[in-house]
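Report on one structure; see the data block that follows.
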Amino acid sequence: MAVFQVLIADIGNAVVKGKTLSGAEMEYPHAVKRLAEAKYKEIVQRYNGTPPVDYVRVNGVPYVIGEYAEFHDAPQARTGSGRYQSDYYGVLVAALLARLYNRSGDVAVFAGHPPSDAIYRETIANSLLNDWYVEMAGGERTFRVVYCRTWDEPAGGYYNLLLSVEGTRYQRTDLNHGDALVVDVGGHTVSMLPIREGGIVDYGNAGSQPLGIRSALTTFENSLRSVYSAETQAASRGLSPRLVRKAMATGVVELSGREYLCHDLASEAISALLREISAMYQRDHGGGVAYRAIILSGGGAAMLYDRLQPILGHARVFLADDGESIHMANVRGALKLWRLYDSLGVL
Amino acid sequence: MSDDKHKVIPFRLNLDKPDEAQAWQVLQASSGSYRQTIVEALLNLARATTDDILAELRALREEQQQELQALRERLERIRVITAEAAQELEQGGELSPEFLDNVRAVADAHPAMQRDD
């Protein structure tokens, strides 16, 4: 297959992740908001024609995407079929392309999705197979997405652990013996995907639930607003996602310049999520008894690792990548799978 | 020399104590002087102690040599196992035909979609 550029994309509910064939990686918060033309022009003018990369015009329509979008009170990430539309999913991927590639050209996109969204594969492809004219940071590029293929997000974590960097050899042979269960804890979705001995992906027993770090963050934010009602009263549109994430991670929330301890609230919010994950693990996968290994992937896996261990109760639990970059495990594994596809001639 | 035997010994023995009463009997039965008897007794004790220590050291050395030999044999076994494992890893690194078939099945489940134009 002759294409100019390849993008491995994982448009997670919390974080958008991308990787190129050469290994370059990009991530930014999943937040997108369409801007009025006048507002966009004003912003571009204020930055003297070179605004941050978050301010972007895609096929003539201005948006703010990523961290700055959170400052603009971007709406919640879309879910279900409404998400895989050209004006949303396509825009997020186009912006990702423009951040990773500084040249125009034909592109192949290898797009990830949770197992429960397998029914949207064609919709995903249709939202991407297009011409994307992107204006960003004072420059412009045109990407012609000519090829699209999808992959299951949890499988990315599995391939990342199993395959070598070039994707054509085992990195560790032990995972190819016996069944493995991939537990992918994302921002809005927890997916569990069984991989049978020899690498057979068991789609029939795969499942996703609309749980994730975001649900814990929402519970946590509600608790903060309840306990510190006077201090948060002014934030009528809700606390900023960045503030809530930081408070959850540190156990200290800063409101109007004052710091308040919130360890217990964070712990309670995470407990609720863990209970749901435990119920799914017990109900759908027999508490992991029949699996030889449990592979944890997704951004939430590292955050919850210590508290997930007793719930999983398994002797062989592996993180799909280093703790600090585990949220990138799925795209890294997908790149290995792409290289393996390439070597097998199935692209 | 036999006169010395009856000279006063330079220390007191408490004959109520069995060990000291026995020592007194040894001194009385000895054909040499008290001093000579005591010196010989001490020399015998020193020799016996030295022999005991030497015997212990020899036994310890023997034991250590056996342990060292066992460690050498263990190390050799580890070397062999490591070499075998490295060879297995090298061979095992190759993706199995079964795995490759399953990857093709994964690819089939996610067909490529391309633009018509």
Quiz item: Quick one: do B:Arg115 and A:Asp131 make a salt bridge, cutoff under 4.0 Å?
Solution: yes

Self-check item: Which atoms of A:Leu340 approach chain B - backbone, side chain, both or neither, heavy atom under 4.5 Å
Solution: side chain

Exercise. Answer with side chain, backbone, both or neither: which region of A:Tyr203 has an atom nearer than 4.5 Å to a non-hydrogen atom of chain B?
Key: side chain

Exercise. Begin from the C-alpha positions of A:Leu337 and B:Val103 and carry the test side chain to side chain contact (heavy atoms under 4.5 Å, CB included) through to its verdict.
Key: CA-CA 8 Å; A:Leu337 181 63; B:Val103 169; 4.1 Å; yes

Practice problem: Provide the full list of side-chain hydrogen bond (donor to acceptor under 3.5 Å, both in side chains) pairs with a residue in residues 116-128 of chain A, sequence neighbours left out, each pair given once. | Solution: A:Tyr84-A:Asp117, A:His113-A:Arg121, A:Ser116-A:Ser208, A:Arg121-B:His110

Quiz item: What's the shortest heavy-atom distance between A:Arg149 and B:Ala112, and which atoms?
Solution: NH1-CB, 3.5 Å

Quiz item: CD of B:Gln22: more than 12 outside heavy atoms within 6.0 angstrom?
Solution: no

Quiz prompt | Backbone of A:Leu344 reached by a side-chain donor or acceptor of B:Arg104 within 3.5 Å | solution = no

Quiz prompt | Crowding at CZ, B:Arg35 (>12 non-hydrogen neighbours, <6.0 Å) | solution = no

Self-check item: Heavy-atom pair count under 4.5 Å with chain A, highest-scoring of B:Asp108, B:Val106, B:Leu100
Solution: B:Val106

Quiz item: Quick one: CE on B:Met113 to CG on A:Leu129, what's the gap to the nearest 0.5 Å?
Solution: 7.5 Å

Exercise. Below 4.5 Å from any heavy atom of chain B, which atoms of A:Leu128 appear? Answer side chain, backbone, both or neither.
Key: neither

Quiz item: Which region of B:Ala105, side chain (C-beta onward) or backbone (N, CA, C, O), has a non-hydrogen atom less than 4.5 Å from a non-hydrogen atom of chain A, or is it both or neither?
Solution: neither

Self-check item: Minimum side-chain heavy-atom gap A:Leu163-B:Leu95 below 4.5 Å
Solution: yes

